[in-house]
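Every value quoted in this text rests on a predicted model; they were computed, and no experiment measured them. By convention in this document, chain letters (A, B, ...) are assigned in the order of the sequence lines, proteins followed by strands, and residues within each chain are numbered from 1.
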Amino acid sequence: MVKHFLGVSVLRTPWDQVFAAFWQRYPNPYSKHVLTEDILFRQVTPDHKLLSRRLLTKTNRIPHWAECLFPTNVSRSVYVIEDSIVDPKNKSLTTFTWNINHARLMVVEECCVYCVNPENSNWTEIRRQAWVSSNLFGFTRAIQEFGMARFKSNVTKTMKGYEFTLAKMQGEVPSKTLVATAIEAKEKARETALAATEKAKDLASKAASSQKQQYV
Amino acid sequence: MNSVGEECTDMKREYDLCFNRWFADKFLKGNVSGDPCGELFRKYQLCVQKAIKEKDIPIEGLEFMGSSKEKAENCS
């Protein structure tokens, strides 16, 4: 049993800028789980395609209930290989990504095709497919569910990371991040206000009950 | 971004700078002559391949575009 994911994301940026951002997106504020990045292979083919292999080290977040399945001496980092083909003539970028350790616990394979959005040639779309599988007897289903949830959350981070990198490359202050910061600040203020109200209520009720006691 | 071998990070950054310029200014514009930043790449590779051996990262024998060609082809 393998869990399968299919999705399309759109970036409102032309293909060439997105392809350039593909190589410059780490680090960004949404890539805290990516620890290292290396290029292991690079070649231009006679038909003018660029082949690359990138090695990424990522943190290995696992559910608390699965922690007992890991010997403590096992490396917690996940090594991920991302192979890619950039075809500037057809304006396409194809990637295939998979983890090369912890494979008994879980293998996540992802294939992405970046191309010009058919409805707007100034936009780029990313067609993404992923497969999550696990061979850990008795835990397969639970681990696959966890893996898929983590994958989806990482897709959101990838897209936010792209928006940040693209804005940075265009020399803008990333507006999304400012908005996100403002929302966070507002929420924090609301929480503080709520806590203050609760505290005031608490004090008021204590005062009321102590007043009652005085009357008795 | 840091390299998996701490001692390689500076060499990697130097190579990345050179590559990113070549990629945006030449390759994407159809000008594909020559080896992109070859000398910097070779220097960086000597360092990073050594770090990978020391850390026992299992990169040997991995087929390009994954073990599952079928998936990669169906993808597009």
Side-chain angles (χ1 to χ4, degrees), chain A residues 15-17 19-28 31 34-45 47-53 55-57 75 77 79 81-86 88-89 91-92 94-98 100-101 103 107 109-113 115 127-131 169, chain B residues 1-6 8-9 11-38 40-42 44-45 47-53 55-76:
Chain A
W15 68 277
D16 53 339
Q17 287 175 42
F19 288 15
F22 175 72
W23 300 116
Q24 295 178 47
R25 60 191 167 127
Y26 301 126
N28 68 65
S31 73
V34 181
L35 305 173
T36 72
E37 173 208 35
D38 282 283
I39 298 293
L40 302 186
F41 170 79
R42 192 155 255 161
Q43 190 190 339
V44 180
T45 64
D47 58 346
H48 297 170
K49 289 176 186 164
L50 177 74
L51 315 184
S52 308
R53 169 166 285 175
L55 168 71
L56 301 163
T57 313
S75 134
S77 302
Y79 296 118
I81 291 285
E82 175 211 72
D83 285 344
S84 61
I85 305 171
V86 184
K89 213 169 80 194
K91 301 175 182 174
S92 77
T94 309
T95 68
F96 195 78
T97 310
W98 74 104
I100 55 170
N101 64 341
V107 177
E109 293 166 295
E110 181 200 45
C111 184
C112 293
V113 180
C115 55
R127 281 182 246 147
R128 190 185 306 271
Q129 280 198 74
W131 300 265
M169 284 165 63
Chain B
M1 193 68 198
N2 289 344
S3 165
V4 72
E6 271 173 56
C8 315
T9 296
M11 286 175 237
K12 176 195 183 289
R13 288 198 180 141
E14 223 179 311
Y15 167 70
D16 279 348
L17 271 178
C18 176
F19 169 81
N20 286 328
R21 212 173 297 138
W22 172 84
F23 185 75
D25 298 346
K26 299 219 167 113
F27 182 73
L28 289 184
K29 291 180 178 154
N31 180 353
V32 285
S33 61
D35 186 9
C37 313
L40 290 174
F41 188 66
R42 275 186 285 277
Y44 160 48
Q45 285 307 298
C47 187
V48 74
Q49 296 292 345
K50 193 169 155 240
I52 284 168
K53 278 210 181 81
K55 288 176 196 280
D56 262 333
I57 305 174
I59 59 155
E60 289 302 315
L62 300 173
E63 210 181 323
F64 189 70
M65 294 305 274
S67 49
S68 181
K69 276 268 190 270
E70 209 177 284
K71 281 173 183 161
E73 274 159 24
N74 283 343
C75 191
S76 45

Among A:D16, A:L40, A:I85, A:L35, the residue with the most heavy-atom pairs under 4.5 Å to chain B is A:L40
Considering only heavy atoms, which portion of A:I81 lies under 4.5 Å from any heavy atom of chain B: side chain, backbone, both, or neither? side chain
Among the options A:Y26, A:W15, A:F41, pick out the one with the most heavy-atom pairs lying under 4.5 Å from chain B. A:Y26
Among B:L28, B:D16, B:I52, single out the residue with the greatest number of heavy-atom pairs under 4.5 Å to chain A. B:L28
Using a distance-only test with no angle check, is there a side-chain donor-acceptor pair under 3.5 angstrom linking B:N2 and A:T36? no
Let me know if A:L55 has heavy atoms under 4.5 Å from chain B in its side chain, its backbone, both or neither. side chain
Measuring heavy-atom distances to chain B, does A:S31 have an atom under 4.5 Å in its side chain, in its backbone, in both, or in neither? neither
What distance do A:D83 atom CG and B:E63 atom CD have between them, rounded to the nearest 0.5 Å? 10.0 Å
Is NZ or CZ of A:R53 both nearer than 6.0 Å to the six-membered ring centre of B:F64 and within 45° of the ring axis? no
By a 4.5 Å heavy-atom criterion (distance strictly below it), what part of B:L62 contacts chain A: side chain, backbone, both, or neither? both
Using side-chain heavy atoms (C-beta onward) and a distance below 4.5 Å, is B:I57 in contact with A:I100? yes
Let me know if A:T45 has heavy atoms under 4.5 Å from chain B in its side chain, its backbone, both or neither. neither
Where on B:F23 is there a heavy atom nearer than 4.5 Å to chain A: the side chain, the backbone, both, or neither? side chain
CE/B:M1 to CH2/A:W23 distance, rounded to the nearest 0.5 angstrom? 15.0 Å
Any side-chain heavy-atom pair from B:V4 and A:E37 closer than 4.5 angstrom? no
Would you confirm whether B:Y44, through its side chain, and A:I39, through its main-chain N or O, come within 3.5 Å as a donor-acceptor pair? yes
Once you round to the nearest 0.5 Å, how far does CZ of A:R42 lie from CZ of B:F19? 3.5 Å
Given a strict heavy-atom distance threshold of 4.5 Å, which part of B:V48 is in contact with chain A: side chain, backbone, both, or neither? side chain
